Amino acid sequence: MTTALGEIADFLEPFGAVLHGDRSRPIDAIAPLASATGNNISFLSGRQYADQLPSSQAACVLVPPWAEEAARQRGDCIVMPNPYAGFARLSQWWKQRHVPAVGYHIHPSASVHPQAAVAADAIIGPLCVVERGASVGPGSWLKSRVTLSEGCSVGARCIIHPGAVIGADGFGFANDNGEWVKIEQLGAVRIGDDVEIGANTCVDRGALQDTVIEDGVKLDNLIQIAHNVHLGKNVAIAANAGIAGSTTVEEGVTIGGAANIMGHITLAKGVHISATTFASRSIFKPGTYSGHFPFDDNASWEKNAATVRQLYRLRERIRALEQQLQKPTDS
């Protein structure tokens, strides 16, 4: 099934796109720049891939303004301020037009409690469980084997990928002379609109107040969000990260893969945590932070890391100097 290039250009026009080329050209797929063929559309998002542009066989390429001249010399192109975002929007548009609908509202194998509320256009996939008092908003999609526990809510246009668990008990216990006494988790999980949660990610319910995920948050696979965490709007967290309880992550913060965030702290707006970093205290100054023990602002951490690599050489030089100082001098 093909689509005329002009239709694609018209869709992207509100995002600043300008077509230079043949509106009637047929497009049958979106493809990477290096492997695209004659009827594919592709995109150039960064200068590191610019050398692939002249030889690309794509019928049309989305490019930024700085690449317009080279793109037009090559062939048809669509020039826009952010080609990567254009590609993202185009992928959604393409899927809506070319990928068949799932064909069900609630899959026959799903278990939805009679006292749960599921919007008429939401999709509940195979083997999902939606428990008593839970709610799923309009346009949301729970893919296979998702569990939405009692009293938890999912907003509009959310996607929750296979195996995710929303609303399991948080890790709360009190020690009484060596015995662990369970603290019942009486809160829930509240998820806003346009949230995406990756496969096998767990979001725990709050102990007394709710765990909150605000609008636009994006969570990768295999993430742990502990009880009473609050994620602000448009937070993005990569795979294998873990956030301990009662931590606040403010709007727009990004957290890299396998990072660990201590509980009861705040990461302020404008903070970016690099992969595998351990954040053990609150961070209120915007910037990129890296490292494990200890973490620091990114520039300082890189300098310290470079110094650590030279420690062995420095040790050997110091030993040699000490040996010279210890040698007897001629009288």
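Heavy-atom basis, side chains included; hydrogens, waters and symmetry copies ignored. Computed from a predicted model, the values in this text were never measured in an experiment.
Put simply, SG on C152 and CZ on R205 are 4.5 Å apart, with the number rounded to the nearest 0.5 Å. Atom CD of Q209 sits about 9.0 Å away from atom OG of S246, to the nearest 0.5 Å. How far CH2 of W301 is from CG of D296: 10.5 Å, rounded to the nearest 0.5 Å. Rounding to the nearest 0.5 Å places CD of Q115 at 6.5 Å from CZ of R132. Atoms CG and CG, from L231 and L267 in turn, are 10.0 Å apart once rounded to the nearest 0.5 Å. In this structure, CD1 in I265 is found 5.0 Å from OG1 in T247, a value given to the nearest 0.5 Å.
Within the 4.5 Å cutoff, the side chain of E322 has no heavy atoms near those of the L325 side chain. Contact of the W93 side chain with the L12 side chain is not registered, since no non-hydrogen atoms from C-beta on lie closer than 4.5 Å. Within the 4.5 Å cutoff, no side-chain heavy atoms of I223 are placed close to those of I255. You'll find the side chain of V271 stays beyond 4.5 Å of the side chain of E250, heavy atoms only. Side-chain contact between I225 and V189 is absent, with no heavy-atom pair separated by less than 4.5 Å. E68 has its side chain out of reach of V18: every pair of non-hydrogen atoms, C-beta onward, lies at least 4.5 Å apart.
Residue Y84 qualifies as open at atom OH: its count of foreign heavy atoms under 6.0 Å is 12 or below. Shown here is K233, whose NZ atom has no more than 12 heavy atoms of other residues, nucleotides or ligands within 6.0 Å.
Every side chain to side chain contact (heavy atoms under 4.5 Å, CB included) that R317 has, sequence neighbours left out, goes to L314. Applying the side chain to side chain donor-acceptor pair (under 3.5 Å) criterion to T288, with sequence neighbours excluded, gives no partner residue. For the side chain to side chain donor-acceptor pair (under 3.5 Å) test, residues two or more places apart in sequence or in another chain that qualify with R190 are D210. Considering only residues two or more places apart in sequence or on other chains, L222 meets the side chain to side chain contact (heavy atoms under 4.5 Å, CB included) condition with N200, N240. In this view, R25 and D76 satisfy the salt bridge (charged side-chain N to carboxylate O under 4.0 Å, His left out) rule, not counting sequence neighbours. For P138, the side chain to side chain contact (heavy atoms under 4.5 Å, CB included) criterion is met by A119, D121, A156, not counting sequence neighbours. The ring-ring contact (aromatic ring centres under 6.0 Å, His included) check on H272 picks up nothing, with sequence neighbours excluded. The ring-ring contact (aromatic ring centres under 6.0 Å, His included) test applied to Y289 returns no partner, not counting sequence neighbours. Listed by chain and number, the residues in a side chain to side chain contact (heavy atoms under 4.5 Å, CB included) with F171 are F173 (sequence neighbours excluded).
The residues E316 and R319 are annotated as salt-bridged, a charged nitrogen and a carboxylate oxygen being separated by less than 4.0 angstrom.
The aromatic rings of H107 and Y104 stand perpendicular to each other, their planes meeting at an angle above 60°, with 30° marking the opposite boundary.
Of the residues listed (L148, D215, V154), the one engaging I191 in a side-chain contact (heavy atoms from CB on, under 4.5 Å) is V154, and it is the only one. Of the candidates I8, L90, N39, I8 is the only one forming a side-chain contact (heavy atoms from CB on, under 4.5 Å) with I27.
Both I197 and V217 sit in one connected hydrophobic cluster of ILVMFWY residues. Membership requires side-chain heavy atoms under 4.5 Å apart, directly or through other members.
Evaluation of the salt bridge (Lys or Arg N to Asp or Glu O under 4.0 Å) test over residues 6-19, restricted to residues two or more places apart or in two chains, returns E7-R97, D10-R23.
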Determine all donor-acceptor pairs shorter than 3.5 Å in which one atom belongs to a side chain in residues 40-53; sequence neighbours excluded.
unit_1	atom_1	unit_2	atom_2	d
N40	OD1	T37	N	2.9
N40	OD1	T37	OG1	3.1
N40	ND2	D28	OD1	2.9
S42	OG	A31	O	2.7
S42	OG	L33	N	3.0

Using residues 158-169 as the side-chain source, report each donor-acceptor pair under 3.5 Å to any protein atom, sequence neighbours left out, with the distance given to one decimal.
unit_1	atom_1	unit_2	atom_2	d
H161	NE2	E196	OE2	2.7
D169	OD2	K182	NZ	2.9

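Panel note: side chain E131, backbone S149; no donor-acceptor pair is recorded below 3.5 Å.
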